[in-house]
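A note on names: the letters A, B, ... follow the listed sequences, proteins ahead of strands, and every chain is numbered from 1.
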Amino acid sequence: MASTPASTPASTPASTVEVRAVTVAFGGLRALRGVDLDIARGERLAIIGPNGAGKTTLFNVIAGDIAPTTGAVLIRGQDCTHLPSRHRPRLGLARTYQKARAFAGLTVRENIYLALAGHRGRHRALWRSSADRRMRDEAAEAAARVWLSGQLDAVAGELAHGQRRQLELAMAIATRPDVLLLDEPASGLSRGERERLVELLESLDEQLTLLLIEHDMDVAFRIAGRVVVLADGEQVMAGSPEQVRADPHVHRIYLGTEAPA
Amino acid sequence: MKLREHLTGETLALAGLVLVLALLPSLATAFFVNFVMTQTLILGLAAATIVFLAKYGGMTSLAQLLMFGIAGFMFGNAALDGGARGLNLGWHPWAAVGFAILVTTLVAFVLGAVASRTTGIYFLMLTLVYGVVGYFVFAQIVEISGPGGITSIQRPELLGPPVRLYYAGLLLSVLAYAGFRMLGRTAFGLALQGVRDDPVRMASLGFNVPLHRALAFTLAGFVAGLAGLLNVWWNGQIDPASISIGPTLILLIIAVIGGMSSLAGAWLGAFVYVLVLTYLRDLPLVDRIGITEARFNTVIGVIVLVIMVLSPEGLTGIVQRLRGTTRKELGGIRP
Ligand SMILES: Nc1ncnc2c1ncn2[C@@H]1O[C@H](COP(=O)(O)OP(=O)(O)O)[C@@H](O)[C@H]1O
Ligand SMILES: [Mg+2]
């Protein structure tokens, strides 16, 4: 369990994350209908689309929270389609949830500490070792990166909404993932908080592969090198932020019918 | 952890309480110490395992009295060496202790592993089924429970005088309380609280959620087994009726009286229960208004009802409210 056989891929894959013809059906509802995606190492990809388009479902499939009905998911060349979510942090994957899901009864530091402990396989220690102290220090560093140093010992359930989103982010970046999935990190944030978020995302390691679901077009287009538009479980277009911004089809289904000024 | 984190008013109050309890045998009557308080410590220790699982793991277990009973039966089978009751293995008492605890812990691991994929009401129902099936196993296989129970069980020489059993109960209670509290701050304990708050999230952080639940259940079973040993030494006998559905619910009620999010409350609940059990019949007029021993459960039921109406967090919740502390205990159960 402690070894990391998966950290070195069998071959050097072209893509860090590959999504192949993934469909997901919830009973009669088809949330994804054959989605293909190739995401290169270090790429910044934004996924946009109206509510119910299947964006979160796509993240759930990549992160292993749900298995696709058909299709496959490869992470660094390794077939992970049916790999349980708990094995994915060791592949370098980290995610946030659309609804902040920090552990309400634990403090900010303990929440981040758990993210680190889960990643390092330190799950069942019954005493505090030097590794533990290091993780507590690292938790404090991660909190500082999201401006939560003052809230280290605050209980997560009592944080303001924006702070809870920041904590969510700290838990994801603390483990220094290779692949980071952020589900609407800017939702509910104030203008100032959004600005800081963009700053933080711009400061991430260049080698990191970032998948970003975002409703705030300003945030999405500033961060992303490529934008994929999903609607009704299908990819309707993909391209650079400029191409997507200019596309009339996108305007009709998503950004509203008006063309940009 | 820094020293000042330990030196809270609560900790000091508990330390004072333990000191008083340690001196109790020279302050109170032998009856109060050896009957009321020893029983309180035994039941409190068992109920604390319910609180531990609920508070840290979000699991309400109705199988803790079964673990308690298994340890008692196993000790009786292993330690006795004559008569017609039980297996009569005739082992050294401490070997019997090891055997009883080992069997209890293994059973707890297996039952915990099976239950580990259920939560909430399903977990409660499944552990209730454990309790009921366990009762029938002991009731029907008389080879391991003796017809009508295993009697004349002796405690190890070390614990011969009754007051030593009281001190054993006190020691194990203090260790269990401190142990559970400290465990809450370790990686294991924090992860258990994470599993309580959001198991899906814990899995995506890399944790094996079912295994974590099963291990917590195993630990609770181990501690309940220790309480079960004290109980069988205190009683000198054990029969299947003592782990039937009624007593199973009583143990849950003890935890509820104290407050399901307070470890210390388990012992408080046990104290209230034992007081009512012991002194109710001595109260003046009790016979006249029709409360006899047979209606004892009704009285307990009414007490629980009153406490629940006043505070869903049990007596601990009432005490905290009286002290005006609205601050929630860290890691407590949120409503
Ligand atoms: N667990 C689920 N069970 C049933 N339907 C679901 C589930 N998750 C999502 N859906 C449905 O799938 C569709 C896509 O949802 P989602 O991926 O959350 O969309 P988005 O994130 O793009 O807003 C929606 O119609 C939603 O109601
Ligand atoms: Mg969504």
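Proximity to chain B (any heavy atom under 4.5 Å) is restricted, for A:R136, to the side chain, taken from C-beta onward. Of the atoms belonging to A:A63, not a single heavy atom falls under 4.5 Å from chain B. Proximity to chain A is limited to the side chain of B:L215, based on heavy atoms less than 4.5 angstrom apart. For chain A, the nearby parts of B:L190 are the backbone and the side chain; heavy atoms of each come within less than 4.5 Å. Of the two parts of A:A102, only the backbone, made up of N, CA, C and O, holds a non-hydrogen atom closer than 4.5 Å to a non-hydrogen atom of chain B.
Side-chain atoms of B:T316 do not come within 3.5 Å of backbone N or O of B:S262 as any donor-acceptor pair. Checking side-chain atoms of B:Q193 against main-chain N and O of B:G184 turns up a donor-acceptor pair under 3.5 Å.
With respect to A:L45, the side-chain contact (heavy atoms from CB on, under 4.5 Å) criterion is satisfied by exactly one of A:V17, A:L212, A:V228: A:V228.
If you tally non-hydrogen atom pairs under 4.5 Å between each of A:L114, A:D65, A:L93 and chain B, the highest count goes to A:L114.
By the 6.0 Å and 45° rule, A:R101 stacks over the aromatic ring of A:Y97.
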Full working for side-chain contact (heavy atoms from CB on, under 4.5 Å) between A:V61 and A:V19: CA-CA 9 Å; A:V61 168; A:V19 176; 5.9 Å; no
